[in-house]
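Report on one structure; see the data block that follows.
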Amino acid sequence: YLIKSDSIPARFGFGRVATSTEIARLDIDIRPDGKGLPAGEGKPVAGKVIFAQKCAACHGVGGVGGPNGSLVTTTDPTKKRPEKTIGNYWPYATTIFDYIRRAMPFSEPGSLTDAEVYNLTAYLLNANGIIDDKAVVNAKTLPNVVMPAQQLFVPDDRKGGPEIK
Amino acid sequence: YLIKSDSIPARFGFGRVATSTEIARLDIDIRPDGKGLPAGEGKPVAGKVIFAQKCAACHGVGGVGGPNGSLVTTTDPTKKRPEKTIGNYWPYATTIFDYIRRAMPFSEPGSLTDAEVYNLTAYLLNANGIIDDKAVVNAKTLPNVVMPAQQLFVPDDRKGGPEIK
Amino acid sequence: AMAIAQTAHGKAVQEGLSFTELIPDDPTKQVGTLAGEVGTRSGFEKVIKKPSDISSRSPLQDFYGIITPSDLHFERHHAGIPVIDPNKHELVIHGLVDKPMVFTVADLKRFPSVSRIAFLECSGNFRTGKEAMSPQDICGLTSQSEWTGVKLSTLFREVGVKPNASWFLAEGGDAAIMTRSIPVKKGWDDAIIAYGQNGEALRPEQGYPVRLFLPGWEGNTSIKWLRRLELGDAPWQTREETSKYSEGIKGGKIRQFSFDIDARSIITFPAFPAQVEKGWIEIRGLAWSGRGKVVKVEVSTDAGKSWHIAELQEPVLDKAHVRFRYLWHWNGAETEIMSRVTDETGYIQPTFKQLIEARGADSGYHFNPITAWQLKADGRVLNKPENVR
Amino acid sequence: AMAIAQTAHGKAVQEGLSFTELIPDDPTKQVGTLAGEVGTRSGFEKVIKKPSDISSRSPLQDFYGIITPSDLHFERHHAGIPVIDPNKHELVIHGLVDKPMVFTVADLKRFPSVSRIAFLECSGNFRTGKEAMSPQDICGLTSQSEWTGVKLSTLFREVGVKPNASWFLAEGGDAAIMTRSIPVKKGWDDAIIAYGQNGEALRPEQGYPVRLFLPGWEGNTSIKWLRRLELGDAPWQTREETSKYSEGIKGGKIRQFSFDIDARSIITFPAFPAQVEKGWIEIRGLAWSGRGKVVKVEVSTDAGKSWHIAELQEPVLDKAHVRFRYLWHWNGAETEIMSRVTDETGYIQPTFKQLIEARGADSGYHFNPITAWQLKADGRVLNKPENVR
Ligand code: HEC
Ligand code: HEC
Ligand SMILES: [Ca+2]
Ligand SMILES: [Ca+2]
Ligand SMILES: [Ca+2]
Ligand SMILES: [Ca+2]
Ligand SMILES: [Ca+2]
Ligand SMILES: [Ca+2]
Ligand SMILES: [Co+2]
Ligand SMILES: [Co+2]
């Protein structure tokens with residue numbers, strides 16, 4: 001499909017300019033550099049309480065087991081490989097905040113306050129042994145958390161052709 | 001789609017031979033040369049009675065008018081062109097037998113006996129002024145009926161290209 | 001097909017809820033319907049065919065691309081849609097053959113198969129006379145599917161069609177026991193005994209479980225609910241190839257066996273009942289030819305004074321609807337827009353006037369004139385019937 | 001869509017009659033159902049998807065040709081199918097752009113449009129482990145449609161994407177608020193903001209009213225129910241591109257942003273649960289590649305010892321399912337049949353063993369091995385899982 005170049009206008013003029021208010025309402029994403037993180041903060045101990053109330057039914061007591069999978073790394077000798085969790089498989093800590101806020105709890109998505117999400121993030125990082133009990137998680141500290149799995153991630157470098165990789 | 005010729009078998013061997021009995025059950029078509037016409041015969045006067053009972057409701061009294069269109073040619077001066085009917089538009093008389101037997105009466109297709117179809121055919125030919133009151137329609141006579149419209153029919157001779165025809 | 005409806009729309013129908021009662025205030029805050037056995041059409045979409053007792057017209061103005069959703073494929077039948085048990089249905093081939101044979105539907109599916117995307121059109125596909133007519137009203141008796149089946153030539157070889165066979169009769173198993181005579185050459189060329197439509201079994205409206213499909217030919221010849229093929233040495237002169245599907249031409253003659261669908265195109269957007277705004281408009285439409293490929297579609301935005309080449313969306317297939325598009329800046333002044341197609345034989349879609357001049361006023365089938373749309377200053381788009389012209 | 005069911009099947013459902021009660025003894029002797037607003041699927045056809053809570057698999061073994069009926073298109077969603085009002089839904093594009101903009105669905109339809117027939121496949125599309133597995137069970141998370149929409153490049157020009165924008169975030173309006181980071185280059189290359197599927201509006205399961213469609217890329221990146229695109233200079237590292245849709249490779253590494261769907265083929269007939277007879281068999285299947293066109297499909301009927309070239313049904317389209325066929329005479333002896341595809345980059349579909357050797361045992365997504373079917377002497381066809389091999 002080619003539009004003859006002499007007839008393509010620079011702009012068609014459909015749609016309208018987005019106001020900063022309406023962008024802000026939707027612009028909920030968090031980047032690894034922390035861009036997008038809201039004000040507020042969270043602590044493991046506060047998150048632990050919320051987790052027990054709102055999350056453990058699906059993700060297990062302490063984030064281990066549960067019908068929807070572990071979030072906390074454990075070494076279960078009966079399993080061939082360790083379950084993939086935040087502690088051993090997630091490359092960026094900011095993803096925890098972003099994902100919980102947009103999608104959890106599964107049955108009531110979008111119901112958590114930013115403070116609750118910060119607390120849950122702090123709790124899950126602590127339970128996975130990544131930050132300590134007293135650590136405070138906020139827009140400044142979260143991007144600096146180095147996740148154990150980060151070094152494992154590599155981008156796809158395949159380019160087609162006969163190679164099996 | 002090409003099957004490489006070295007692999008096409010002369011026959012695949014699917015399906016089974018059709019017996020002459022099962023062919024006969026389905027082989028209801030009538031050709032212009034009369035092939036397919038069954039034994040029996042029909043007369044206009046007998047057909048007229050059947051028509052009044054089973055057909056006139058849809059095709060009008062005497063085959064003129066009715067919610068599903070005339071079968072008999074008339075000259076209605078209020079109409080721009082004459083309605084297309086058996087008398088002015090049908091090229092072969094055998095088609096009358098074939099069509100009525102396979103498809104009419106519309107609400108009870110397949111319900112007529114061969115004798116009824118012969119009688120109806122005779123009636124419709126007579127009503128259209130093509131055969132006379134006493135004519136007998138059967139496998140011998142029907143193919144010999146020359147229809148007024150036959151001389152008008154020409155096959156499509158267009159071959160594509162710029163011609164509008 | 002008999003599955004319990006799984007989605008919001010299905011549930012609404014089953015529980016008697018109105019569809020709008022199910023619309024969440026914020027769909028990001030409530031889990032949606034879970035995965036189902038059979039998908040649904042959105043309850044917001046009101047795209048339907050326009051039925052009469054004997055036919056139903058595809059909503060061409062609502063379509064995107066070139067595939068017609070199977071349940072919106074046009075219908076034309078002469079005694080309704082039969083219910084046929086595919087486990088009992090058989091196709092008999094007899095007459096001038098070495099070996100008369102019976103094939104079950106399962107037998108037919110065992111043969112080498114072929115698929116092709118091609119249009120089907122009723123040769124009686126033309127209406128005009130009012131301004132308030134949509135593409136569906138004017139020529140909605142055309143649709144396109146991907147058809148799958150066995151080539152008729154494969155079956156011809158299987159039964160051993162005799163050299164003196166020149167025509168065959170195709171017969172349906174509906175209440176019209178529909179019949180047409182077809183030149184044997186078409187059977188050898190590209191006829192398909194089809195059992196598949198857009199990836200699944202034929203729909204009942206399109207001939208389930210098996211139909212004849214004659215690419216590029218007038219729809220009536222592609223006999224649905226096919227039960228019998230008889231090979232012979234002359235046409236049968238059935239009612240559908242004499243009284244019907246024949247057309248008056250010059251000199252009081254009547255043309256019959258005009259099988260090919262003449263090339264045609266129609267702008268489907270902007271078209272009645274759409275209303276448009278001035279500025280950039282992508283003019284969109286469909287073009288096709290029963291004689292081969294579309295090679296060119298031209299669009300006029302000045303009532304036929306000048307013509308511009310439209311873009312053809314790949315793939316441009318043989319005997320298939322092609323989507324054409326032409327980007328145009330409308331200044332808001334009243335005008336007429338129209339399209340015309342050229343096919344690979346060099347045939348150029350004629351005007352209404354050209355057709356009447358060539359065939360006389362008492363014609364009928366195979367009427368494929370250029371369709372013009374009047375674009376009013378307020379953005380309304382109206383058919384331009386010939387009596388307005 | 002809300003029309004009253006018009007045909008025999010529809011009536012049976014509405015009146016609580018069993019479908020078989022409606023089957024006439026002789027369909028030629030009773031007028032059939034009259035023409036309707038929406039067609040139906042025959043009540044004899046039991047073709048359905050296999051749903052779990054989070055996905056539903058297309059019945060590949062039941063398909064003909066290359067089009068997937070829209071209601072049998074596979075599903076994969078992370079929080080169910082939302083109900084979205086197309087009259088309220090908007091797409092916001094912002095971030096590294098000259099002019100952040102909002103487009104209604106109606107706005108999107110005004111832009112120049114494009115259609116293409118292309119497959120969609122979930123990169124997690126592989127199951128094995130049992131003999132009693134059909135193509136649907138093994139890799140039913142792939143389907144094909146004709147998609148229509150506006151090129152994303154057109155919208156990129158409209159908002160003025162800045163030269164330093166290298167990635168964009170695509171976000172859905174479902175309850176997962178699904179997000180993926182996509183290189184901007186894909187947006188300029190061939191991404192489509194799609195609103196049409198097989199001639200009609202997207203189905204709710206496939207993203208109604210508007211989705212991203214990235215030809216050839218893993219399904220999850222083609223964000224459904226699209227509400228927002230943000231242009232940026234780095235990937236967002238969303239949960240779906242880190243925790244999910246990444247795969248273990250050699251040396252304990254985890255590969256992410258593996259977007260292209262690797263070339264794959266599968267024989268869909270004969271395949272479990274079909275049972276076949278000896279004699280001529282047309283082996284049929286589907287082949288595709290996310291990196292371009294399929295150039296070759298080979299079929300082996302002797303457990304991989306020798307390979308034969310299969311026929312490819314035209315049109316062979318870029319990043320599209322292609323139907324392949326190979327005519328074979330089976331002597332009735334137990335054997336294994338399988339297919340392998342080669343794409344235009346020269347990539348040849350690997351074996352299970354090759355994939356495990358190349359990636360290690362702890363892999364997952366993008367697993368596209370050759371599928372072998374065991375053909376038993378009694379005609380049964382069984383999957384050959386790797387643990388049997
Ligand atoms: C009703 C069940 C349910 C509840 C309650 C629930 N979750 Fe989940 N959670 C899920 C499901 C199901 C998934 C997987 C969703 C998917 O596949 O996209 C999931 C996924 C996750 C993941 C991603 C796991 C991974 O490895 O990718 C995180 C993190 C998570 N949940 C955190 C939470 C937190 C924190 C809460 C409480 C605030 C919570 N969940 C409550 C069902 C639940
Ligand atoms: C319930 C209505 C009805 C009844 C009763 C009926 N017909 Fe018809 N007839 C129709 C319809 C409707 C058509 C057109 C069918 C079609 O379009 O294929 C038709 C078409 C015909 C035609 C073809 C007309 C043409 O110009 O092509 C003939 C001949 C005919 N009928 C004869 C009969 C005879 C003889 C009977 C009685 C035995 C009969 N019909 C009873 C409704 C009826
Ligand atoms: Ca942002
Ligand atoms: Ca997990
Ligand atoms: Ca015969
Ligand atoms: Ca008449
Ligand atoms: Ca509500
Ligand atoms: Ca009965
Ligand atoms: Co014709
Ligand atoms: Co991937």
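Throughout, protein chains are lettered first and strands after them, A, B, ... in sequence-line order, and every chain is numbered starting at 1.
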Which heavy atom in D/R255 sits nearest to a heavy atom in A/D156, and how many Å separate them?
-> CD-OD1, 3.4 Å

Among D/T345, D/I254, D/L355, who wins on heavy-atom pairs under 4.5 Å with chain A?
-> D/I254

Lys/Arg-Asp/Glu bridge criterion (N-O < 4.0 Å) met for A/D29, D/R228 = yes

Could you walk me through whether D/S243 and A/K84 pass the side chain to side chain contact (heavy atoms under 4.5 Å, CB included) check?
-> CA-CA 8 Å; D/S243 166; A/K84 289 169 182 164; over 6 Å; no

Chain D heavy atoms under 4.5 Å from A/D33: which part of the residue, side chain, backbone, both or neither?
-> neither

Looking at D/R291, D/E344, D/E158, which makes the most heavy-atom pairs under 4.5 Å with chain A?
-> D/E158

Measure D/A361 against the heavy atoms of chain A and call it side chain, backbone, both or neither at under 4.5 Å.
-> both

In short, D/A358 meets A/I164 closest at the heavy-atom pair CB-O, 3.5 Å

Step through the shown structure and confirm whether more than 12 heavy atoms of other residues, nucleotides or ligands are within 6.0 Å of CD on A/E108.
-> no

Contacting region of A/E22 [heavy-atom separation from chain D under 4.5 Å] = side chain

Is any side-chain N of the basic residue among A/R16 and D/D107 closer than 4.0 Å to the acidic one's carboxylate O?
-> no

Counting heavy-atom pairs under 4.5 Å with chain A, the top scorer among D/E230, D/K99, D/E240 is D/E230

Supply the atom-to-atom distance D/T179 OG1 to A/I28 CD1, rounded to the nearest 0.5 angstrom.
-> 7.5 Å

Give the intermediate values and the outcome of side chain to side chain contact (heavy atoms under 4.5 Å, CB included) for residues A/T95 and D/E241.
-> CA-CA 10 Å; A/T95 310; D/E241 60 211 23; over 6 Å; no

Of the backbone (N, CA, C, O) and the side chain (C-beta and beyond), which part of A/F153 lies under 4.5 Å from a heavy atom of chain D, both, or neither?
-> both

Under 6.0 Å from the NZ atom of A/K43, do we count more than 12 heavy atoms belonging to anything else shown?
-> no

Work out which heavy atom in A/F106 is nearest to a heavy atom in D/H78; give both atom names and the distance.
-> CE1-O, 3.1 Å

Interface moiety of D/Q256 toward chain A, non-hydrogen atoms closer than 4.5 Å = both

Looking only at D/S181, D/G80, D/G251, D/A176, the option with the highest number of non-hydrogen pairs under 4.5 Å against chain A is D/A176

Should we count NZ of A/K54 as having more than 12 external heavy atoms under 6.0 Å?
-> yes

Measure distances from D/E171 to the heavy atoms of chain A and classify the residue's part below 4.5 Å as side chain, backbone, both or neither.
-> side chain

Charged N to carboxylate O under 4.0 angstrom, D/D262 versus A/K165?
-> no

Side-chain donor-acceptor pair present, A/Y89, D/T242, cut-off under 3.5 Å | no

For each of A/T94, A/D98, A/L26, tally heavy-atom pairs with chain D at distances under 4.5 Å, and name the one with the top tally.
-> A/L26

One option among D/F257, D/F103, D/F259, D/Y347 has the most heavy-atom pairs under 4.5 Å with chain A, and it is D/Y347

Part of D/D98 lying under 4.5 Å from any heavy atom of chain A | side chain

More than 12 foreign heavy atoms under 6.0 Å from NZ of D/K250: is that the case here?
-> yes

Could you tell me whether A/K48 atom NZ has more than 12 heavy atoms of other residues or ligands within 6.0 Å of it?
-> no

All heavy atoms of A/P109 vs all of D/A175, minimum pair found to be CB-O, 3.6 Å

Part of D/I348 within contact of chain A (heavy atom distance under 4.5 Å) | backbone

State, with a plain yes or no, whether a side-chain heavy atom of A/R158 is found less than 4.5 Å away from one of D/D260.
-> no

Chain D contact via A/I30 - side chain, backbone, both or neither, heavy atoms under 4.5 Å = backbone

Relative to chain A, which segment of D/R359 carries a heavy atom at a distance below 4.5 Å: side chain, backbone, both, or neither?
-> side chain

4.5 Å side-chain heavy-atom contact, D/P112 and A/F12 = yes

With a 4.5 Å cut-off on heavy-atom pairs, point out which of D/A79, D/S246, D/G232 contacts chain A the most.
-> D/S246

